[in-house]
A.B. asks: 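Structure incoming, see below.
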Amino acid sequence: MSDAPRSNFIREIVEEHLRTGRFGGKVVTRFPPEPNGYLHIGHAKAICIDFGLARDYGGRCHLRFDDTNPTKESQEYVDAIMNDVRWLGFDWGEHLHHASDYFEQLYEWAEQLIKSGKAYVDDQTVEEMRESRGTLTEAGRPSPHRDRSVEENLELFRRMRAGEFPDGSKTLRAKIDMTSGNINLRDPVMYRIRKTPHQRTGDAWRIYPMYDWAHGQSDSIEGVTHSICTLEYEDHRPLYDWYLDALGIFHPQQIEFARLNLSHTVMSKRKLLQLVEGGFVSGWDDPRMPTLAGLRRRGYTPESIRDFCERIGVAKADNVVELALLEHCIREDLNTRAQRRMAVLRPLKLVITNYPEGKVEQLDAVNNPEDPSAGTRKVPFGRELWIEQDDFKEVAPKKYFRLTLGAEVRLRYGYIVKCTDFSVGPDGRVTEVRCTYDPATVGGDSGGRTVKGTLHWVSAAHAVESEVRLYETLFATPKPDDEEDFKAALNPNSLSVLRGARLEPSLKDAAPGSRFQFERNGYFCVDPRDSAPGRLVFNRTVGLRDTWAKIERAG
RNA sequence: UGGGGCGUGGCCAAGUGGCAAGGCGCGGGACUUUGGAUCCCGUAUUCGGAGGUUCGAAUCCUCCCGCCCCAACCA
């Protein structure tokens with residue numbers, strides 16, 4: 001794993017502030033999710049930046065829910081988000097906040113702006129407002145209600161709060177500049193009427209603040225010094241600054257960075273929601289999803305995700321990080337931590353014809369060659385074994401080191417066997433392979449000869465059956481966002497379910513969520529949702545690097 | 001054609017006037033009872049392009065090209 005956090009342009013800005021004393025030497029950040037969906041790995045990048053800044057500069061980071069739109073938000077999402085942030089390894093301490101905590105203060109400040117002539121109540125419909133806002137190249141025109149008196153605005157705004165007007169009939173707008181090239185400054189809406197109960201404030205409010213009006217002021221109230229957000233908010237910074245200046249309150253610094261895009265997946269909550277609601281995946285925690293819940297269920301560790309976030313860097317250029325980097329991070333982490341086991345995914349019977357019937361040996365197997373302290377375990381060996389279908393071929397391709405008629409291979413921790421015969425079923429598929437073993441080669445010792453292939457195996461008499469789920473990328477193309485309809489790029493082979501896998505008996509009571517390396521097959525995790533005692537289900541987190549596959553592909 | 005950003009190898013990304021870090025990937029080799037891991041070696045005469053300033057430019061200036069974001073009572 002990488003060492004100390006690398007510097008980046010945000011850290012340079014913070015360090016400069018620390019040097020000049022801009023915020024009195026303090027660093028306060030916040031992670032501000034809207035509870036309208038699950039967190040994904042793009043959020044993990046933001047979380048690592050926000051909490052990492054606080055950690056490394058002796059500050060603190062708040063978790064603040066941006067809950068200003070009750071029509072899209074829910075408690076389920078709030079709970080999931082808190083769970084995911086904690087799982088990733090971060091702690092907001094006492095600082096769990098909600099924009100809704102500040103609704104009353106925000107309301108008071110809105111009246112203050114009305115009184116100073118900087119906000120007014122507008123009666124225009126959505127369509128009228130859109131029409132008068134102008135376009136990218138044409139200036140907007142003032143609303144006919146832009147010059148109402150302070151008294152009238154105040155009275156109307158109080159009646160909006162009191163619920164006297166129907167949804168959508170009025171808004172409170174900041175009076176800024178309808179001709180600005182920055183459309184955010186063309187009298188942005190501050191409040192809209194929504195007679196929708198809020199998950200935290202119930203029916204206390206009929207008007208709800210817009211993001212721009214709530215966000216900066218919430219930062220200010222909390223004493224946030226550095227408000228880190230993504231690039232699309234760059235145009236909002238002048239408005240962020242305008243509100244704070246108009247109110248004359250503590251003024252944090254907003255800094256924007258480029259959001260993470262990952263190849264072969266989508267990252268927008270809108271699209272992820274479509275996948276969930278359309279039944280294209282089994283839920284927000286489907287192991288194919290880029291959500292933290294999905295990655296966790298897939299077997300990813302929080303450490304590997306943090307390492308990934310560290311390696312991708314922080315900059316302002318649009319980017320699409322290759323999935324291969326994420327996979328590298330989890331392999332590297334699990335290589336040193338996951339215990340090794342033998343599991344045969346697609347079983348083929350192997351019979352050792354000169355091995356005594358009924359004999360069982362308990363062989364010693366190393367739990368983790370990367371970690372001697374992980375010790376060893378016993379694995380039963382017998383006359384009939386399961387091996388991988390791919391490990392036998394009637395006609396061996398070039399450089400194929402596995403079993404074929406007359407060839408010798410080593411059975412991991414066992415003996416060297418030589419293929420003498422095999423049977424083929426009516427469909428032409430190999431149904432059984434027969435070998436003889438050399439009793440002098442216990443423990444896999446090659447006894448001086450050159451044996452290039454080593455196969456994993458499971459004793460047929462002791463095998464535990466399991467379901468194993470293998471995954472490919474959710475999308476068949478690297479950039480599904482570039483597609484007309486991103487769903488058309490979905491990979492039909494993203495999930496394969498193998499029902500007859502055979503595991504070595506030590507796996508029988510594997511705990512939900514526990515991770516192993518199935519030798520030569522990859523890293524696997526006991527599915528925390530679908531696995532049950534007596535009915536094991538494993539998810540493949542990621543395969544091992546496979547140089548044989550490359551050789552095959554090259555032909 | 002308004003405003004705001006961004007362009008360094010296949011993908012990220014350092015670099016802040018002194019002669020192109022690093023990671024992933026890819027290719028080759030060593031080693032190996034996981035075709036895993038580990039270890040070596042290689043992989044941008046060039047920084048979107050063209051001019052200019054300078055002894056010297058990815059870094060400064062000018063012009064041009066390309067890409068992204070903004071016209072929700074979403075965040």
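Each chain gets a letter, A, B and so on, in the order the sequences are listed, and its residues count up from 1. Basis for what follows: all heavy atoms, side chains included, without hydrogens, waters or symmetry-related copies.
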A.B. asks: Could you tell me if the side chain of A:Q517 sits less than 4.5 Å from the side chain of A:Q339, heavy atoms only?
C.D. replies: no
A.B. asks: Which sits closer to the 5' end of RNA chain B, A:R237 or A:P369, going by the nucleotide each is nearest to?
C.D. replies: A:R237
A.B. asks: When rounded to the nearest Å, what value does the distance between C1' atoms of B:rG17 and B:rA57 take?
C.D. replies: 6 Å
A.B. asks: By the 4.0 Å heavy-atom rule, please label A:V314 as base, sugar-phosphate, or nothing.
C.D. replies: sugar-phosphate
A.B. asks: Short question: side chain of A:K195, backbone of A:G163 - any donor-acceptor pair under 3.5 Å?
C.D. replies: yes
A.B. asks: Can you give the dot-bracket line for RNA chain B, where a pair is Watson-Crick or G-U wobble with both atom distances under 3.5 Å, crossing pairs use [ ], and | marks a partner on another strand?
C.D. replies: .(((((((.[[[..)..(...]]]((((((.......))))))....[[[[[..)....]]]]])))))).....
A.B. asks: Using atom P in both nucleotides, what's the gap between B:rG25 and B:rC61 to the nearest angstrom?
C.D. replies: 38 Å
A.B. asks: Determine whether the side chains of A:Q124 and A:S132 contain a donor N or O and an acceptor N or O closer than 3.5 Å.
C.D. replies: yes
A.B. asks: Where the side chain of A:K316 is defined as all heavy atoms beyond and including C-beta, which of B:rG15, B:rC24, B:rC6 is the nearest nucleotide?
C.D. replies: B:rC6
A.B. asks: Quantified in whole Å, what is the C1' atom distance between nucleotide B:rC6 and nucleotide B:rA13?
C.D. replies: 14 Å
A.B. asks: Using modelled atom types and a 3.5 Å cut-off, is there a donor and acceptor pairing between side-chain atoms of A:D364 and backbone atoms of A:K378?
C.D. replies: no
A.B. asks: Side chain of A:T441, backbone of A:D438: donor and acceptor closer than 3.5 Å?
C.D. replies: yes
A.B. asks: Provide the distance between the two C1' atoms, one in B:rG15 and one in B:rG9, to the nearest whole Å.
C.D. replies: 15 Å
A.B. asks: Taking the minimum atom-to-atom distance to the side chain of A:K550, which one of B:rC12, B:rC26, B:rG5 wins?
C.D. replies: B:rC26
A.B. asks: Under 4.0 Å between any heavy atoms, over every strand shown, what does A:R402 touch: base, sugar-phosphate, or nothing? Just pick one.
C.D. replies: base
A.B. asks: Taking atom types as modelled, is there a side-chain donor on A:R173 or A:S143 under 3.5 Å from an acceptor on the other?
C.D. replies: no
A.B. asks: Regarding A:F9, tell me which of base, sugar-phosphate or nothing describes its non-hydrogen contacts under 4.0 Å with the strands shown.
C.D. replies: nothing
A.B. asks: Is the shortest distance from a Lys or Arg side-chain nitrogen in A:D391 or A:R402 to a carboxylate oxygen in the other one below 4.0 Å?
C.D. replies: yes
A.B. asks: Taking the side chain of A:T137 as heavy atoms from C-beta outward, which of B:rU1, B:rG36, B:rU34 is closest to it?
C.D. replies: B:rU1
A.B. asks: Protein within reach of the bases, or only the backbone? For nucleotides 69-75 of chain B, mark each nucleotide 5' to 3' as B, S or -, using heavy atoms under 4.0 Å.
C.D. replies: BBBSBSB
A.B. asks: Between B:rG3 and B:rU43, how many Å separate the two C1' atoms, rounded to a whole number?
C.D. replies: 42 Å
A.B. asks: Please tell me which of A:E12 and A:G414 maps to the more 5' nucleotide of RNA chain B, matching each residue to the nucleotide holding its nearest heavy atom.
C.D. replies: A:E12
A.B. asks: Can you confirm whether the side chains of A:Y120 and A:D187 place a donor and an acceptor under 3.5 Å from each other?
C.D. replies: yes
A.B. asks: Taking 4.0 angstrom as the limit, do A:R311 and A:D307 come out as a salt bridge?
C.D. replies: yes
A.B. asks: Check this for me: does the side-chain of A:E370 come within 3.5 Å of the base of B:rG36 through a donor and an acceptor?
C.D. replies: yes
A.B. asks: Less than 4.0 angstrom from a charged side-chain N to a carboxylate O is my criterion; do A:E232 and A:R259 meet it?
C.D. replies: yes
A.B. asks: Look at all strands and tell whether A:R412 reaches a base, only sugar-phosphate, or nothing, counting heavy atoms closer than 4.0 Å.
C.D. replies: base
A.B. asks: Quick check on B:rA13: syn or anti? Syn means the glycosidic torsion is within 90 degrees of zero.
C.D. replies: anti
A.B. asks: Can you tell which of B:rG36, B:rC6, B:rC11 lies closest to the side chain of A:A317?
C.D. replies: B:rC6
A.B. asks: Give A:H328 one of three labels, base, sugar-phosphate or nothing, depending on what nucleic acid heavy atoms sit under 4.0 Å from its own.
C.D. replies: sugar-phosphate
A.B. asks: Tell me what A:V451 touches on the nucleic acid: a base, only sugar-phosphate, or nothing, going by heavy atoms under 4.0 Å.
C.D. replies: nothing
A.B. asks: Could you please name the option among B:rA37, B:rU34, B:rA13 that lies closest to any side-chain atom of A:R340?
C.D. replies: B:rU34
A.B. asks: Do A:H236 and A:D212 have side-chain N/O donor and acceptor atoms under 3.5 Å apart?
C.D. replies: yes
A.B. asks: Pick base, sugar-phosphate or nothing for A:Y208, based on heavy-atom distances below 4.0 Å to the nucleic acid.
C.D. replies: nothing
A.B. asks: Given the C1' atoms of B:rG18 and B:rA30, what is the spacing between them in whole Å?
C.D. replies: 39 Å
A.B. asks: Taking atom C1' in both B:rC47 and B:rA21, what distance in whole Å separates the two?
C.D. replies: 14 Å
A.B. asks: Has the side chain of A:Q517 got a donor or acceptor atom sitting under 3.5 Å from an opposite partner on the base of B:rG36?
C.D. replies: no
